[in-house]
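The structure under discussion appears below in the form of structure tokens.
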Amino acid sequence: MNEITDWMTQMKTEHPDLVNLIDYGKTYENKTISLLKIGVNTGVRKKIIWMDCGIHAREWISPAFCQYFVKEILQKYKTDDKMKAIMKNVDFYVTPVLNVDGYTFTWENTTNRLWRKSRSPGPKDCDCHGTDLNRNFNANWGTVGISSNCCSEVYCGSKPLSESEAQAVTTFVEAHKEYVLCFLTIHSYGQLLLLPYGHPNVNAPNYKELMDVGLAAAEAIKGVHGMSYTVGTSPDVLYPNSGSSRDWARLIGIPFAYTFELRDKGEHGFELPKDQILPACEEAYSGAMHIVNYVHDKTFSNGTAGSTVAATAALWTVLLAACVAGAPLL
């Protein structure tokens with residue numbers, strides 16, 4: 001983790017005109033949660049593309065991807081006119097490691113390598129540690145795809161946002177939510193692009209558009225090294241779940257929210273061989289940038305940047321009320 005922290009500082013030092021380092025939270029063990037804000041300082045408040053990695057400790061390819069993504073967009077900014085336009089219009093907010101405690105724990109010895117959760121202690125009557133941070137967000141919390149057993153890998157916590165890491169993301173993003181165009185959270189494994197929602201009874205109001213953009217992103221991924229990604233909601237292509245950051249992001253009105261599950265499909269699982277790290281990042285970058293380009297062009301091609309998120313949020317407020325009325329679980 002120290003290497004990633006040093007790398008973040010290095011990015012800021014090497015690109016002072018584009019990169020800022022922002023600390024926005026603390027973990028249970030009082031480690032700092034930081035992000036890189038990347039974009040041209042135009043003097044006005046800008047739209048945001050959010051990306052976080054490392055919410056699950058054992059998914060090492062995820063922080064590697066965030067670092068690769070940052071390196072690529074900074075390199076392309078030097079020569080690519082489209083990237084220059086994107087960085088003028090939006091800022092990228094990239095958190096390389098969200099679950100800092102858990103990620104650090106997995107590097108301590110081989111016994112810890114497959115640890116998934118945070119490192120907070122369980123309830124007073126439980127000897128186990130950790131909460132699944134991707135079951136702890138306030139999005140249909142505690143309804144499906146979770147466990148109330150604190151020793152389970154999908155333990156959702158004692159209440160929504162019981163974990164300081166989930167609190168940090170929630171507080172920071174909600175303070176900027178009217179500006180956030182897209183929320184990307186990076187996981188492994190399975191080669192999937194998941195869209196809201198994890199609860200089987202609810203679809204996002206822009207489900208078709210999310211599917212269309214996701215399918216096109218999967219084609220972009222396949223065009224790099226031939227790897228196939230499956231696109232759909234979690235109940236349709238994986239399993240139902242609740243309390244995910246992706247679902248929460250969509251619920252608060254962020255119109256585009258996706259979970260990337262990177263390589264592979266289970267042969268190596270969380271212990272991806274070193275020779276697959278670069279190709280995994282290259283193909284995922286192509287998929288992520290397809291989504292970024294789509295969201296950017298939709299927002300800025302016709303001068304409606306100021307109204308896109310607000311209009312979507314207003315629509316969702318109406319639809320959510322209708323869904324809740326018909327589905328007691330939500």
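Note that the structure is predicted; figures quoted are calculated from it, not measured. Residue numbers count from 1 along this sequence.
Neither side chain, H268 nor E271, offers a donor N or O lying under 3.5 Å from an acceptor on the other. Donor-acceptor pairing under 3.5 Å is lacking for the side chains of T27 and E165. For the residue pair T131 / N136, no side-chain donor-acceptor distance below 3.5 Å is found, with atom types taken as modelled. A donor atom on one side chain and an acceptor atom on the other are found under 3.5 Å apart for W60 and T106. With 3.5 Å as the limit, one finds no donor-acceptor pair spanning the side chains of N89 and K46. Judged purely by distance below 3.5 Å, without hydrogens or angles, the side chains of N241 and H199 never pair a donor atom with an acceptor atom. Residues T259 and R246 bring a donor and an acceptor atom of their side chains to less than 3.5 Å of each other. Neither side chain, N112 nor R58, offers a donor N or O lying under 3.5 Å from an acceptor on the other.
Salt-bridge formation is not detected for the pair D91/R45: no Lys NZ or Arg NE/NH1/NH2 atom is positioned less than 4.0 Å from an Asp or Glu carboxylate oxygen. In this structure, D212 pairs ionically with K208, as a charged nitrogen and a carboxylate oxygen lie closer than 4.0 Å.
The residue from Y294, Y207, F183 that alone fulfils the ring-ring contact (aromatic ring centres under 6.0 Å, His included) condition with F256 is Y294. In summary, of the residues considered (F69, F65, F260), a ring-ring contact (aromatic ring centres under 6.0 Å, His included) with Y285 occurs for F69 alone.
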**Request:** Give the intermediate values and the outcome of disulfide (SG to SG under 2.5 Å) for residues C126 and C151.
**Result:** CA-CA 8 Å; C126 177; C151 294; 4.0 Å; no

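Residue C281 comes nearest to I61 through the heavy atom pair SG-CD1, 4.2 Å, listed as atom of the first residue, atom of the second, then distance. Counting all heavy atoms, side chain and backbone alike, N203 lies closest to Y197 at C-CD1, 3.8 Å.
When the SG-SG distance for C128 and C150 is compared with the 2.5 Å cut-off, it comes out at or above that value.
Annotation: cation-pi pair R119/Y28 absent, no NZ/CZ under 6.0 Å from the ring centroid and within 45° of its normal. Cation-pi geometry between R113 and W107 is not met: the NZ or CZ atom fails to fall both under 6.0 Å from the ring centre and inside 45° of the normal.
Using bins of under 30°, 30° to 60° and over 60° for the plane-to-plane angle, the ring pair Y24/F172 lands in the tilted bin.
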